[in-house]
Amino acid sequence: MSGPNDYDAIVVGGGFGGIYQVHKLRQLGLKVKAFERGHTIGGVWRQNVYPGARVDSDVPVYQLWIEEVYKDFNFDKRFPDWREIQRYFAHVEKKLHISQYYDFNTWVTESSFDNNTGRWTVTATGEGAGTYTSKYLLLCTGFASKSYIPEFKGLDKFKGIMHHTAEWPVEQVDLKGKRVAVVGTGASGVQVIQEVGPIVESLTVYQRTPNLAIPMRQQDTDIEYENSRKPHYDKVFENTLVISNGGFEFGFDPRSCLEVTPEEREAFFEECWRKGGFNFWAGTFHDVWTNEEADKLAYEFWRKKVLARLTRPELIPYLAPEVSPVTWAGKRPCLEQTYYEVYNQPNVDIVDLKKEPIIEFTEKGIKTADHGELEFDVIVLATGFDAVTGGLTQINVRGAKGESLKEKWSNGVFTYLGVSAADFPNMFFMYGPQGPTAFCNGPTCAQVQANWITDAIEYAEKNNIKALSPTHAAEQKYRAHVNELQDKTLINKVRSWYTGGNIPGKKIEALNYVAGIPSYLKEINLEASQNYANFVKA
Ligand code: N01
């Protein structure tokens, strides 16, 4: 018996992954219900509306690969900002009419697998509050849907305006002529600093680790050129899956940084620098990510470029220290346009949190040992996310054995192929743990995984399979594999959200599949071609 709240599939999340997954499942003819905490589609782009928020992947890869959608939409800029992305999602809605499947302003808080019925029961609160059931559960919560604010003493004492970047009010905060503090210099912090530096009365940056920011080279999109490519976009997108680890239109250079001549090396670094975007990071010599000497040579080049832009020598140790504070593989650089010029302004200062950690937040500002209590009108918390796993584990999802995902992963993350987990039948996720996630253009990762998941579901439907879940042996082997791949790189040299190192008490481990999209595709396609041999089929 099927009631109005019983579905074939329930999708959680309305970002790129969720929308695309709903679209694909509808094409299969399934009855789909979807939930999104925001008021419309767009996922994290509804909340990440802080000043300067902008995509770090360039046109055309950061979008849905659906011709009906891309054929008559053009981004204005090579790297679109949040307003353009919202304009894009409005266009997606016009084309796909996807909102009809969604309940918005709705949070999925719980779901559990019922062994008797072989179905998931999902509890939602908010506008779509209720209990729903489905055969398939698709968690499309992305890698950054759970923001993180460190437990600074006195946080709630501050009487001024304070927001986390990922919970920024869409009506914006007027920062003109204000005394502003930014805590954190990851991608979000860099973007805020660059944007607000020129308009504020004063800017104080509370920094623990400098960002190795690299040039964006923003420009207007050549719309005529993009339109001429559109008939071939399918080939363009396919090509990114072959040539690039991260789903870009460029990949690592196969030459070793150490085997070319110094002149060749310099010329190639210059070329990457000039091209902008992630070329200097994901299009560089392949061994910059794996070899300490190569990593160091790339840092020396980067430092030379940055020093040439800094006019206040007293800030050099904080922005471009002699020894790199991180590795290129271990921490994601942000793209910048005028980030370093902002620090040349006399009204901008850095408080080095490694030397003087935050003692407390006060009614008027922030107190550290050497700088004392500094007063602010606005504090921006650019302190990141409980990334990769947080969006999933914050939902109380309980599998066939009654164990929650959070409990299952309390001693380490176990997934199979970064899309499924043993004892969680017919549950799939994407752009999350042990997928290419952190090292991949978001829409690429989500769509590659959603395509695979859709095929798996189609296979189950065609073969009258009630429940599909990977074996424990398969996920143990996959976990070891993901960790081994990471061990070959310089990622483990740094603590960051890549490994859970940004959250106190979170297990440090490989949270992402680092070998790149081409290898990942081979692995997941092999599983499909073997009729999901590592899955238990009930
Ligand atoms: O977060 P982060 P993010 N005391 O974790 C500091 C994507 N994204 O929001 O480096 C003091 O990188 C922390 O210091 P440290 C993108 O993939 C993309 O910036 O740990 N400071 C760090 O400086 C990105 O990589 C875009 O020493 C503390 C900062 O807070 C990912 O999201 C835009 C602290 C957090 O940086 C995350 O970026 C925005 C503490 N207790 C985000 N805890 C684009 O594509 C943390 N920090 C453009």
Side-chain angles (χ1 to χ4, degrees), residues 15 43-45 47-58 61-62 77 79-82 84-85 142-153 155 163-168 181-195 205-214 216 218 246 277-278 281-282 318 325-327 330-337 339 350-361 366 368 379-388 390-391 431 436-443 445 494-506 511-512:
V44 294
W45 284 104
Q47 287 92 36
N48 281 266
V49 294
Y50 57 84
R54 186 177 293 287
V55 179
D56 268 357
S57 297
D58 41 2
V61 298
Y62 198 84
K77 295 281 184 192
F79 298 94
D81 71 2
W82 66 266
E84 251 194 274
I85 296 287
F143 86 97
S145 55
K146 186 178 177 196
S147 52
Y148 166 65
I149 298 179
E151 289 180 6
F152 294 122
K153 190 177 163 204
L155 252 186
H163 298 289
H164 186 280
T165 44
E167 289 147 28
W168 200 259
V182 176
V183 184
T185 50
S188 305
V190 166
Q191 293 189 329
V192 173
I193 291 162
Q194 168 178 275
E195 189 80 4
V205 177
Y206 288 85
Q207 171 183 277
R208 203 161 58 179
T209 312
N211 196 308
L212 308 193
I214 53 180
M216 173 175 270
Q218 177 67 301
F278 276 142
W281 177 62
Y318 308 116
V326 295
T327 59
K331 208 152 194 180
R332 153 98 141 65
C334 184
L335 302 188
E336 59 82 33
Q337 294 158 273
Y339 180 62
I350 299 177
V351 177
D352 179 6
L353 296 179
K354 281 209 169 115
K355 269 200 215 143
E356 43 171 331
I358 291 175
I359 296 171
E360 62 178 338
F361 281 56
I366 299 176
T368 60
I379 297 178
V380 182
L381 297 170
T383 45
F385 302 89
D386 178 357
V388 190
Y431 201 30
T437 313
F439 307 116
C440 190
N441 171 49
C445 182
V494 183
R495 285 176 82 94
S496 87
W497 63 265
Y498 285 177
T499 56
N502 65 325
I503 304 292
K506 190 166 171 175
L511 289 177
N512 304 278

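Every heavy atom of this structure was used, including side-chain atoms; hydrogens, water molecules and symmetry mates were not. Nothing here was measured: the structure is a model prediction, and the numbers come from that model. First listed ligand is number 1; within each ligand, the first listed atom is number 1.
With contacts defined as side-chain heavy-atom distances shorter than 4.5 Å, the pair Leu155/Pro150 does not qualify. Between Val183 and Ile366 there is a side-chain heavy-atom pair separated by less than 4.5 Å. Lys354 has its side chain within reach of Thr209: a pair of non-hydrogen atoms, C-beta onward, lies under 4.5 Å apart. Glu195 is not listed as a side-chain neighbour of Asp81, based on a closest heavy-atom distance of 4.5 Å or more.
Remark: minimum distance from atom 27 (O) of ligand 1 to any protein heavy atom is reached at Thr209 OG1, 2.5 Å. Of all protein heavy atoms, the one closest to atom 13 (C) of ligand 1 is Arg208 NH2, 4.3 Å. Looking at atom 16 (C) of ligand 1, its nearest protein heavy atom turns out to be Arg332 NH2, 3.4 Å. Given atom 36 (O) of ligand 1, the protein heavy atom at minimum distance is Gly186 CA, 3.5 Å. When only non-hydrogen protein atoms are considered, atom 11 (C) of ligand 1 lies nearest to Leu353 CD1, 3.4 Å. Annotation: atom 42 (C) of ligand 1 to nearest protein heavy atom, Ser188 OG, 3.5 Å. Looking at atom 8 (N) of ligand 1, its nearest protein heavy atom turns out to be Ala187 CB, 4.1 Å. Among all non-hydrogen protein atoms, the one lying nearest atom 5 (O) of ligand 1 is Trp497 CD1, 3.5 Å.
Remark: side-chain polar atoms of Asn502 are paired, donor with acceptor, to backbone N or O of Phe385 under 3.5 angstrom. Panel note: side chain Gln194, backbone Gln337; a donor-acceptor pair is recorded below 3.5 Å. A distance-only check finds a donor-acceptor pair linking the side chain of Asn211 to the backbone of Thr185 [under 3.5 Å]. Remark: side-chain polar atoms of Asn441 are not paired, donor with acceptor, to backbone N or O of Ser57 under 3.5 angstrom.
Of the candidates Tyr62, Tyr148, Phe152, Trp82, the one placing a heavy atom closest to atom 4 (N) of ligand 1 is Phe152.
With a 4.0 Å cut-off on non-hydrogen atoms, Gln207 does not touch ligand 1 at all. Using a 4.0 Å cut-off between heavy atoms, Arg54 contacts ligand 1 through its backbone alone, with no side-chain atom that close. Residue Ala144 does not touch ligand 1, judged by heavy-atom distances below 4.0 Å. Neither the backbone nor the side chain of Ala387 comes within 4.0 Å of ligand 1, counting heavy atoms alone. When non-hydrogen atoms are compared, ligand 1 lies under 4.0 Å from neither the backbone nor the side chain of Phe278. By the criterion of a heavy-atom distance under 4.0 Å, neither the backbone nor the side chain of Tyr206 is placed next to ligand 1. By the criterion of a heavy-atom distance under 4.0 Å, both the backbone and the side chain of Asp56 are placed next to ligand 1.
In summary, the atoms of ligand 1 found under 4.0 Å from a heavy atom of Lys331, numbered by their order in the structure, are 10 (O), 15 (P), 20 (O), 27 (O). Here is the list of ligand 1 atoms found below 4.0 Å of a heavy atom in Tyr50: 33 (C), 39 (C). Atoms of ligand 1 found under 4.0 Å from any heavy atom of Ala382 (numbered from 1 in listed order, with element): 29 (C), 30 (O), 35 (C). Taking every non-hydrogen atom of Gln191 and a distance limit under 4.0 Å, the qualifying atoms of ligand 1 come out as 33 (C), 48 (C). Using a 4.0 Å cut-off to heavy atoms of Pro150, the atoms of ligand 1 that qualify are 34 (C), 40 (C), 41 (N), 43 (N). Taking every heavy atom of Gly184 and a limit of under 4.0 angstrom, the matching atoms of ligand 1 come to 6 (C), 23 (O), 29 (C), 30 (O). Near Phe143, meaning under 4.0 Å from one of its heavy atoms, ligand 1 places the atoms 7 (C), 17 (O), 32 (O).
Between the CD atom of Gln218 and the CZ atom of Arg54 there is a distance of 5.0 Å, given to the nearest 0.5 Å. Here the straight-line distance linking atom CZ of Arg208 with atom CG of Leu353 works out to 7.5 Å at 0.5 Å rounding. The CG atom of Leu381 sits 11.5 Å away from the OG atom of Ser188 when rounded to the nearest 0.5 Å.
Contact between Thr185 and ligand 1 is present, with at least one heavy atom of the residue lying under 4.0 Å from the ligand. For the pair Phe79 and ligand 1, no heavy-atom separation below 4.0 Å is found.
Aromatic pair Phe439/Tyr498: centroids less than 6.0 angstrom apart.
Taking both residues in full, the closest heavy atoms of Tyr431 and Cys440 are given as OH-O, 4.2 Å, listed atom of the first, atom of the second, then distance. Residues Trp497 and Ala387 share a closest heavy-atom pair of CE3-CB, 3.5 Å. Nearest heavy-atom pair, Tyr50 versus Thr165, reported as atom, atom and distance to 0.1 Å: CD2-O, 3.2 Å.
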